[in-house]
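One structure below.
If you're wondering where the values come from, they're calculated on a predicted model, not measured in any experiment.
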Amino acid sequence: MPHRDLEFRGISKEHLGMYFEELGARRITDSFPFIYSADSWEGQVLSEMEISFTKIFKVNSIQIRISANDENELDDLIKKYRYKTTRVGG
């Protein structure tokens with residue numbers, strides 16, 4: 001099963017999990033790694049850490065893994081997932 005690891009900063013692990021659910025998965029585990037499973041793909045929230053840019057400016061960094069039955073499905077799923085994580089500044 002092909003997979004890709006991605007990193008997201010500044011988005012909570014709860015929101016990242018919710019996006020897996022919105023794409024049709026259900027949560028399987030209640031601790032790291034949080035696993036979300038669907039018919040032909042799986043998402044995992046692997047870890048979370050805090051990154052300091054300065055003494056005051058800190059953000060979270062979350063590692064996720066997305067796996068699917070084939071590369072085409074994986075590419076499509078990642079595209080949909082990235083759309084959900086898009087943040088527009090203002």
* Would one find more than 12 heavy atoms of other residues, nucleotides or ligands at under 6.0 Å from atom CZ of R87? -> yes
* Connected-component partners of Y81 among ILVMFWY, side-chain separation under 4.5 Å -> L6, F8, I11, L16, M18, Y19, F20, L23, F32, F34, Y36, W41, V45, I62, I64, I66, L74, L77, I78
* Apply side-chain contact (heavy atoms from CB on, under 4.5 Å) to D5 and list each qualifying residue two or more places apart in sequence or on a separate chain. => H3, L46, R65
* **Residues that N69 engages under side-chain hydrogen bond (donor to acceptor under 3.5 Å, both in side chains), provided they are two or more places apart** => none
* By the rule that ILVMFWY residues connect when side-chain heavy atoms come within less than 4.5 angstrom, directly or transitively, which residues belong alongside I56? -> none
* Could you check if a side-chain atom of I35 sits within less than 4.5 angstrom of a side-chain atom of R27, using non-hydrogen atoms only? => no
* Asked: Under the side-chain contact (heavy atoms from CB on, under 4.5 Å) criterion, do K58 and I51 qualify, and how do the steps go?
  -> CA-CA 6 Å; K58 300 174 184 183; I51 297 175; over 6 Å; no
* Structure fact -> When every non-hydrogen atom of G24 is compared with those of A38, the smallest separation belongs to O-CB, 3.9 Å
* Asked: With E50, which residues qualify under salt bridge (charged side-chain N to carboxylate O under 4.0 Å, His left out), at least two apart?
  -> none
* Asked: Which residues satisfy the salt bridge (charged side-chain N to carboxylate O under 4.0 Å, His left out) test with E22, sequence neighbours excluded?
  -> K84
* Can you sort out the partners of R4 under side-chain hydrogen bond (donor to acceptor under 3.5 Å, both in side chains), two or more places apart, ordered by chain and number? => E71, D75
* **Qualifying residues under salt bridge (charged side-chain N to carboxylate O under 4.0 Å, His left out), relative to D70, sequence neighbours excluded** => none
* **Check against side chain to side chain donor-acceptor pair (under 3.5 Å), S61 and E48** => CA-CA 6 Å; S61 169; E48 178 179 31; over 6 Å; no
* Structure fact -> Residues at least two apart in sequence or cross-chain that pass side-chain hydrogen bond (donor to acceptor under 3.5 Å, both in side chains) with S12, listed by chain then number, are H15
* Taking side-chain contact (heavy atoms from CB on, under 4.5 Å) as the test, write out the residues that go with S37, two or more places apart. => I28
* Indicate yes or no for a side-chain donor-acceptor contact from T54 to the backbone of F57 under 3.5 Å, with no hydrogens or angles considered. => yes
* Partners meeting side-chain contact (heavy atoms from CB on, under 4.5 Å) with Y83 (sequence neighbours left out) -> none
* **Pairwise distance CD(Q63) to CE(M49) - rounded to 0.5 angstrom** => 8.0 Å
* **S40 OG to M1 CE distance, which is reported to the nearest 0.5 Å** => 7.5 Å
* Structure fact -> Sequence neighbours excluded, the answer for salt bridge (charged side-chain N to carboxylate O under 4.0 Å, His left out) partners of E14 is none
